[in-house]
Amino acid sequence: MRVWLALLALLLGAPAGAAPRLVADLNQSRIDIEYSFAGAELLVFGAIQYPGGRTPRDEPAIAVIVRGPPEAITVRRKEKVAGIWLNTTSARFETAPGFYAVATSAPVRDLVDERTAAIYEIGLDHLQLSPGSSNSPELSKLFIEGLIDLRRRAGLYAEDDDGVELSESVLYQARIAIPSAVPVGRYTADIHLIQDGQVVASATRDIRIGKSGFEQAVFMAAQDHEIAYGLGAVAIALLAGWAAGAVVRR
């Protein structure tokens, strides 16, 4: 595979003066979640196609961003009032990514400026979450930091400033850990080529994470037959309770 990518980058060289081009691929474009799913590893790899096939003197940089489906989430802040912990304020994020992981060949601050990082959302510090609330900017910042911290601890948000391997300034690869608690839906892998602090080429690949087998059947039943699914869940709970009581009485 690596030899093929190298030949592709060299033989299909662009005319002199043209912009570099990224060739990108994934080891899998679909990840199935089954009962035994304990996480997966997504490999993003490819090659850089330079004008005329000539590599630059300075090694380029690569940023790989994998993000999952947007979802609405409310973050609440607890404070101690009269000795009791209570939810006092909250912030709602309407389009927070369910999963976000970024891997770069060097720390983000060494690759691009703040403006470019914000435009392409490279790095957790530049993730555009924008809580929809009337809280002050200072409080909104605290909620953003809180959400990122919660999802980092759950393995749903990650940042690796040494996560992209470059070979001969042509081949690149990054390994992204997909946790077991990852939400289902459509994902994208965005790959950016960075030179002299600017994004000069980009490529995007789609990923689908979905349930399969028994998990898919249960998920579809809950989506398509909500009332029947709810009644069935209640019936199973009552039956389990009756069975447990019968065992105890014996």
Side-chain angles (χ1 to χ4, degrees), residues 1-2 5-6 9 19-29 31 39-50 55-70 96-130 141 144-145 147-179 182 186-207 209:
M1 178 63 73
R2 290 191 174 188
L5 286 172
R21 178 173 172 267
L22 279 174
V23 179
D25 205 351
L26 310 169
N27 66 329
Q28 52 186 332
S29 58
I31 298 175
E41 185 179 71
L42 180 69
L43 175 63
V44 183
F45 62 94
I48 306 169
Q49 178 185 8
Y50 295 103
T55 58
R57 290 183 179 179
D58 298 329
E59 185 175 76
I62 293 286
V64 175
I65 302 170
V66 177
R67 59 192 303 154
F99 177 83
Y100 175 92
V102 56
T104 53
S105 54
V108 176
R109 63 180 179 275
D110 297 336
L111 301 182
V112 293
D113 57 25
E114 294 287 327
R115 180 175 177 275
T116 303
I119 291 174
Y120 293 93
E121 293 187 89
I122 305 174
L124 288 171
D125 290 340
H126 307 287
L127 188 57
Q128 306 299 308
L129 292 170
S130 303
K141 182 180 179 182
I144 291 173
E145 292 174 349
L147 174 61
I148 291 176
D149 180 62
L150 287 172
R151 296 209 157 174
R152 286 191 79 154
R153 285 188 283 169
L156 294 173
Y157 284 7
E159 182 173 346
D160 186 354
D161 58 14
D162 191 30
V164 177
E165 296 180 17
L166 278 165
S167 178
E168 303 296 331
S169 296
V170 174
L171 303 177
Y172 65 88
Q173 68 172 18
R175 299 179 184 274
I176 306 295
I178 306 296
V182 68
R186 296 186 180 277
Y187 288 64
T188 58
D190 296 316
I191 306 97
H192 302 297
L193 172 63
I194 302 169
Q195 289 181 333
D196 299 324
Q198 300 295 321
V199 174
V200 296
S202 298
T204 300
R205 292 294 177 268
D206 295 326
I207 310 156
I209 297 181

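Please read all numbers here as calculations on a predicted model, not as lab measurements.
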Of all heavy-atom pairs between [X] and [Y], which one has the smallest distance, and what is that distance?
| X | Y | value |
| --- | --- | --- |
| Leu193 | Pro60 | CD1-CB, 3.6 Å |
| Glu41 | Arg175 | OE1-NH1, 3.1 Å |
| Ala189 | Val66 | CB-CG2, 4.0 Å |
| Val112 | Gly197 | CG1-O, 3.7 Å |

Short question: side chain of [X], backbone of [Y] - any donor-acceptor pair under 3.5 Å?
| X | Y | value |
| --- | --- | --- |
| Arg205 | Leu26 | no |
| Arg151 | Pro97 | yes |
| Ser105 | Ile62 | yes |

Compare all side-chain heavy atoms of Ser167 with those of Tyr172 and state whether any distance is below 4.5 angstrom.
->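 No; the side chains remain at least 4.5 Å from each other.
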
May I have the step-by-step check of side-chain contact (heavy atoms from CB on, under 4.5 Å) for Leu22 and Ile48, ending in yes or no?
-> CA-CA 5 Å; Leu22 279 174; Ile48 306 169; 3.9 Å; yes

Sequence neighbours left out, what passes side chain to side chain donor-acceptor pair (under 3.5 Å) with Asp190? Give chain and number order.
->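 Thr204.
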
Any residue meeting ring pair (Phe, Tyr, Trp, His ring centres under 6.0 Å) with Tyr157, in chain and number order, not counting sequence neighbours =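 None.
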
By side chain to side chain contact (heavy atoms under 4.5 Å, CB included), which residues pair with Pro179, not counting sequence neighbours?
->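 Checked Pro179 against side chain to side chain contact (heavy atoms under 4.5 Å, CB included); matches are Phe99, Leu156, Val182.
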
Output all residues satisfying side chain to side chain contact (heavy atoms under 4.5 Å, CB included) with Glu145, sequence neighbours left out; order by chain, then residue number.
->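 Glu145 satisfies side chain to side chain contact (heavy atoms under 4.5 Å, CB included) with Lys141, Leu142 only.
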
Separation of Ile176 CD1 from Ile207 CD1 (nearest 0.5 Å) |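 Rounded to the nearest 0.5 Å, the CD1-CD1 separation comes to 9.0 Å.
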
Spatial distance of atom OG1 (Thr104) from atom CD (Glu159) [nearest 0.5 Å] |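 Here the rounded value is 6.5 Å.
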
How far apart are the C-alpha atoms of Leu43 and Gln173, what are their side-chain angles, what is the distance that settles it, and do they pass the side-chain contact (heavy atoms from CB on, under 4.5 Å) test?
-> CA-CA 7 Å; Leu43 175 63; Gln173 68 172 18; 4.1 Å; yes

Pairs touching residues 102-117 that satisfy salt bridge (Lys or Arg N to Asp or Glu O under 4.0 Å), sequence neighbours left out =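 Listed by first then second residue: nothing to list.
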
Would you be so kind as to tabulate the donor-acceptor pairs closer than 3.5 Å made by side chains of residues 119-130, with sequence neighbours excluded?
from	atom 1	to	atom 2	distance (Å)
Glu121	OE1	Gln128	N	2.8
Glu121	OE2	Arg67	NH1	3.2
Gln128	NE2	His126	O	2.9

Step by step, would you call Ile65 with His192 a side-chain contact (heavy atoms from CB on, under 4.5 Å)?
-> CA-CA 8 Å; Ile65 302 170; His192 302 297; 4.2 Å; yes

Test side-chain contact (heavy atoms from CB on, under 4.5 Å) applied to Thr188 and Asp206, step by step | CA-CA 5 Å; Thr188 58; Asp206 295 326; 3.7 Å; yes

